[in-house]
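Okay, so here's the structure we're looking at.
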Amino acid sequence: INGTGVWTGSAQLNGNIYTPLSSVGVETLYYTFTDFNGCVNLDSMQITNVSPITPNAGSDLALCLNAGSSTLVPFSNPGGSWSGPGISTAGLFDPIAAGVGTNTYTYTINSNSTCQANDQLQIVVHPIPAINAGLDDAICSGLSTTFSSTVNSGTAPYVYSWTPLTGIVGATNTNQITVSPLNTTS
């Protein structure tokens with residue numbers, strides 16, 4: 001059909017483009033069409049402007065590869081869905097499935113209207129240190145020996161902790177310890 005049409009009824013109209021800037025509520029828009037014969041017809045439609053939703057996915061996280069699965073809970077607007085490597089839509093995060101490194105996760109809210117909003121957070125999955133406590137050894141009661149551990153990966157600085165404390169001479173928070181078994185009598 002040949003002719004011209006014009007939209008009216010709102011200050012938020014710019015030609016054929018309706019952009020709601022700040023008003024929340026219902027507006028009626030009118031479309032007037034005039035064909036080349038000069039015949040005119042008018043129709044209207046209602047548009048409901050809803051408040052935007054602003055989800056907050058939460059703070060960025062850092063955890064180790066062996067941390068186990070956990071559920072991400074957004075800071076605001078529960079009920080949305082998650083997406084990204086190693087995460088279910090319900091928010092169950094598995095660091096092993098995600099893998100070592102930094103990934104971005106998106107939390108999306110779908111309201112009861114056509115509005116959709118999302119927020120993102122990053123999760124850094126750190127590798128597990130590859131450690132070696134040394135070879136098994138035998139020691140005579142009353143003597144001492146030194147054991148050394150090595151760390152081949154992970155992120156320095158490392159924190160060392162040897163257990164059990166019985167028989168360890170000196171600090172237990174280093175990669176090298178001296179062990180002196182206690183003398184016993186039977």
Side-chain angles (χ1 to χ4, degrees), residues 20 22 24 50-186:
S22 61
V24 174
V50 295
S51 295
I53 297 172
T54 308
N56 184 341
S59 300
D60 293 345
L61 301 171
L63 32 94
C64 297
L65 186 63
N66 64 350
S69 295
S70 59
T71 300
L72 297 184
V73 179
F75 284 174
S76 68
N77 303 96
S81 61
W82 290 92
S83 62
I87 194 167
S88 72
T89 57
L92 183 62
F93 176 73
D94 180 359
I96 292 174
V100 171
T102 302
N103 290 303
T104 300
Y105 296 85
T106 302
Y107 180 66
T108 302
I109 290 289
N110 291 309
S111 68
N112 293 335
S113 66
T114 59
C115 296
Q116 179 179 5
N118 60 55
D119 190 32
Q120 295 180 326
L121 61 80
Q122 288 190 329
I123 299 178
V124 178
V125 178
H126 296 291
I128 301 304
I131 62 170
N132 183 339
L135 298 174
D136 292 345
D137 201 357
I139 182 172
C140 295
S141 185
L143 298 178
S144 63
T145 191
T146 300
F147 295 109
S148 295
S149 67
T150 57
V151 179
N152 296 317
S153 67
T155 306
Y158 305 115
V159 176
Y160 298 90
S161 176
W162 293 83
T163 58
L165 299 178
T166 305
I168 296 177
V169 179
T172 61
N173 61 349
T174 68
N175 72 318
Q176 190 172 25
I177 60 168
T178 300
V179 176
S180 181
L182 301 175
N183 287 326
T184 60
T185 57
S186 46

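Only heavy atoms go into these numbers, but all of them, side chains included; no hydrogens, no water, no symmetry mates.
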Requested in this report: Check Gln116 against Thr108 and note the closest heavy-atom contact, atom names and distance.
Outcome: NE2-CG2, 3.0 Å

Side-chain donor-acceptor pairs under 3.5 Å in residues 77-99, sequence neighbours left out?
{"from": "Ser88", "atom 1": "OG", "to": "Ala90", "atom 2": "N", "distance (Å)": "3.4"}
{"from": "Ser88", "atom 1": "OG", "to": "Gly91", "atom 2": "N", "distance (Å)": "3.3"}
{"from": "Ser88", "atom 1": "OG", "to": "Leu92", "atom 2": "N", "distance (Å)": "3.0"}
{"from": "Asp94", "atom 1": "OD1", "to": "Ile96", "atom 2": "N", "distance (Å)": "3.1"}

Report task. Look up atom OG1 in Thr145 and atom CD1 in Ile177, then write down how far apart they are to the nearest 0.5 Å. Result -> 9.5 Å

Report task. Determine yes or no for a side-chain-to-main-chain donor-acceptor pair under 3.5 angstrom, with Thr106 supplying the side chain and Gln120 the backbone. Result -> no

Query raised in the report: Just by distance, do the side chain of Trp162 and the backbone of Gln176 share a donor-acceptor pair under 3.5 Å?
Result: no

Report summary line: Heavy-atom nearest pair, Leu135 first then Phe147, reads O-CE2, 4.4 Å

**Report entry** Separation between CG of Asn118 and OG1 of Thr54, rounded to the nearest 0.5 Å
**Finding:** 11.0 Å

**Report entry** pair Val151-Ile131: side-chain heavy atoms closer than 4.5 Å
**Finding:** yes

Sequence neighbours left out, cut at 3.5 Å: what donor-acceptor pairs do the side chains of residues 55-73 make with other protein atoms?
{"from": "Asn56", "atom 1": "OD1", "to": "Gly58", "atom 2": "N", "distance (Å)": "2.9"}
{"from": "Asp60", "atom 1": "OD1", "to": "Gln122", "atom 2": "N", "distance (Å)": "2.8"}

Report summary line: Closest non-hydrogen contact found for Thr174 with Tyr160 is O-CB, 3.3 Å

**Report entry** Pairwise distance OG(Ser144) to CD1(Ile139) - rounded to 0.5 angstrom
**Finding:** 6.0 Å

Query raised in the report: Of all heavy-atom pairs between Ser76 and Tyr107, which one has the smallest distance, and what is that distance?
Result: O-CE2, 3.9 Å

